[in-house]
Amino acid sequence: MFSDLLLLKEWKTENIADFYNRLSVFSNEDKCDYTVSVANELIKKNNIHYYKVAEEILINAIRNYFELENSNYKAKIYFCLGYLYEVQKKYINSFTYYEKYKINNNIYEGSNSILLKIIILRDNFKYSEELEDLFLKASGEYNLGLRNDRIYEDIAEYLILLNKNKLEKAEEKKKDLKALVKYGQLPLLDVIIKKDSVFNALSVPDEVIEFVEKL
């Protein structure tokens, strides 16, 4: 339905208007779903122009399609905006929309883990009571223990231990972090040695790797 628009090298004003016109026949729930689907495809293009278009259509959804009984459709829009700002390293905006996602999300677990990751990046690896609160909440959430989640949990715990002056335990956590970075960049070991079916590569922003390596 929108494949022709997604092939465009540039979305002009008339293309965005065309997208909204095509959505007009659907329910607000479907409008949100289609908006998220198209926005995600635009984000994958990894281009500032497409980021701006994705932002525009997602904000439009908030302004026009949010007369909904089921808040999870709002959550999808907020999550997509949070992710859009995350990939652009606009962590203040990202945290704001991931918080809105958490408030409206009634289906998926992991909201606190997402917020924990972003607050670490937003605050440049600094301890705060808000970080500690999110760490405690995230610890109670189900996760697969994948490296991309675990590294943020370990960084948060390290910062908390330092703040509490538990230096010996902090040193142990530092060793865990360095090992996680070292072996997380060799994901084939999981497939060959552990015979894992999940390709558990460590894929995080450069600043995360730099922080750990400088510890």
Side-chain angles (χ1 to χ4, degrees), residues 1-123 141 143-144 146 148-149 152 198-199 201-208:
M1 180 181 298
F2 306 108
S3 57
D4 58 324
L5 292 175
L6 290 170
L7 290 174
L8 294 173
K9 292 184 177 180
E10 179 184 358
W11 281 46
K12 299 180 180 178
T13 303
E14 57 266 30
N15 303 123
I16 296 173
D18 181 27
F19 174 68
Y20 295 153
N21 185 56
R22 297 187 200 189
L23 284 181
S24 64
V25 299
F26 295 103
S27 66
N28 282 342
E29 289 82 1
D30 286 341
K31 288 174 183 175
C32 287
D33 274 346
Y34 283 128
T35 298
V36 167
S37 178
V38 170
N40 278 328
E41 291 302 314
L42 292 170
I43 293 169
K44 287 178 185 178
K45 294 178 183 291
N46 194 29
N47 177 284
I48 188 63
H49 168 72
Y50 295 117
Y51 289 158
K52 288 180 178 178
V53 176
E55 180 181 35
E56 181 167 340
I57 65 174
L58 288 165
I59 295 297
N60 177 75
I62 293 173
R63 291 172 176 168
N64 295 289
Y65 308 149
F66 268 26
E67 290 185 10
L68 299 160
E69 293 184 6
N70 187 339
S71 68
N72 288 296
Y73 290 96
K74 297 180 182 179
K76 293 177 184 180
I77 295 291
Y78 288 136
F79 182 90
C80 196
L81 266 168
Y83 179 69
L84 170 62
Y85 292 126
E86 179 186 347
V87 298
Q88 297 179 83
K89 299 190 177 185
K90 297 179 179 179
Y91 297 125
I92 294 175
N93 291 345
S94 179
F95 191 88
T96 296
Y97 283 101
Y98 278 141
E99 273 195 314
K100 293 177 183 291
Y101 161 72
K102 176 184 175 181
I103 292 168
N104 288 276
N105 167 39
N106 295 311
I107 298 177
Y108 305 106
E109 287 195 46
S111 299
N112 292 301
S113 294
I114 294 168
L115 288 170
L116 178 65
K117 170 180 64 174
I118 301 301
I119 199 172
I120 288 170
L121 296 167
R122 185 196 74 183
D123 295 349
E141 293 178 336
N143 64 64
L144 297 175
L146 299 180
N148 283 345
D149 297 319
Y152 292 107
V198 178
F199 195 63
L202 181 63
S203 177
V204 294
D206 291 341
E207 57 261 42
V208 176

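Scope of the values below: all heavy atoms of this structure, side chains included, with no hydrogens, waters or symmetry mates.
- In this structure, CD on E99 lies 11.5 Å from CD1 on I118, to the nearest 0.5 angstrom.
- Proximity of L23 to Y65: side-chain heavy atoms (C-beta onward) are separated by under 4.5 Å at one or more points.
- For CG of L7, the number of neighbouring non-hydrogen atoms (other residues, nucleotides, ligands) closer than 6.0 Å is greater than 12.
- At least one side-chain heavy atom of Y152 sits under 4.5 Å from a side-chain heavy atom of V204.
- Listed by chain and number, the residues in a side chain to side chain donor-acceptor pair (under 3.5 Å) with Y34 amount to none (sequence neighbours excluded).
- Judged purely by atom type and a 3.5 angstrom limit, N15 uses its side chain to pair as donor or acceptor with the backbone of K12.
- Side-chain contact check for N104 and Y73: no donor-acceptor pair (N or O, by modelled atom type) lies under 3.5 Å.
- Residues S71 and I103 have side chains not in contact (no heavy-atom distance under 4.5 Å, counting atoms from C-beta outward).
- Comment: E55 does not engage K52 in a salt bridge, judged by the lack of any side-chain N to carboxylate O separation of less than 4.0 angstrom.
- Counting heavy atoms from C-beta on, the side chains of Y51 and N46 come closer than 4.5 Å.
- If you take OG on S27 and CG on D33, they are separated by 8.0 Å, rounding to the nearest 0.5 Å.
- Between Y20 and E56, the shortest heavy-atom distance links the atoms OH-O, 3.6 Å.
- No more than 12 heavy atoms of other residues, nucleotides or ligands lie within 6.0 Å of OH in Y108, so this atom counts as exposed by the packing criterion.
- N28 CG to T35 OG1: the interatomic distance, rounded to the nearest 0.5 Å, is 10.0 Å.
- K74 NZ to N105 CG: the interatomic distance, rounded to the nearest 0.5 Å, is 13.5 Å.
- At least one donor-acceptor pair under 3.5 Å links the side chain of W11 to the backbone N or O of L5.
- Of the possible donor and acceptor atoms, none in the side chain of D18 sits under 3.5 Å from a partner among the backbone N and O of E14.
- Side-chain contact between L121 and F95 is absent, with no heavy atoms from C-beta onward closer than 4.5 Å.
- Contact annotation: the side chain of L42 approaches that of I57 to within less than 4.5 Å [non-hydrogen atoms, C-beta and beyond].
- Using a distance-only test at 3.5 Å, with no hydrogens or angles considered, a donor-acceptor pair links the side chain of Q88 to the main chain of L84.
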Given ring pair (Phe, Tyr, Trp, His ring centres under 6.0 Å), test Y91 with Y85 step by step and report yes or no.
CA-CA 7 Å; Y91 297 125; Y85 292 126; over 10 Å; no

Side chain to side chain contact (heavy atoms under 4.5 Å, CB included) between I114 and F79, intermediate numbers included:
CA-CA 10 Å; I114 294 168; F79 182 90; 3.6 Å; yes

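- Separation of the Y83 and Y101 ring centroids does not fall under the 6.0 Å cut-off.
- Of all non-hydrogen atoms in K117 and E86, the two that sit nearest each other are NZ-OE2, 2.9 Å.
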Apply the test side chain to side chain contact (heavy atoms under 4.5 Å, CB included) to residues I62 and L81: give CA-CA distance (whole Å), side-chain angles for both, the deciding distance (0.1 Å), then the verdict.
CA-CA 10 Å; I62 293 173; L81 266 168; 3.5 Å; yes

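- Residues Y50 and K9 come closest through the heavy atom pair OH-O, 3.0 Å.
- Side-chain contact between F66 and I77: present, with at least one pair of heavy atoms (C-beta onward) separated by less than 4.5 Å.
- Rounded to the nearest 0.5 angstrom, Y78 OH and Y98 OH are separated by 15.0 Å.
- Around atom CD of E69, no more than 12 heavy atoms belonging to other residues, nucleotides or ligands sit under 6.0 Å away.
- With a 4.5 Å cut-off on side-chain heavy atoms, I16 and N60 do not count as touching.
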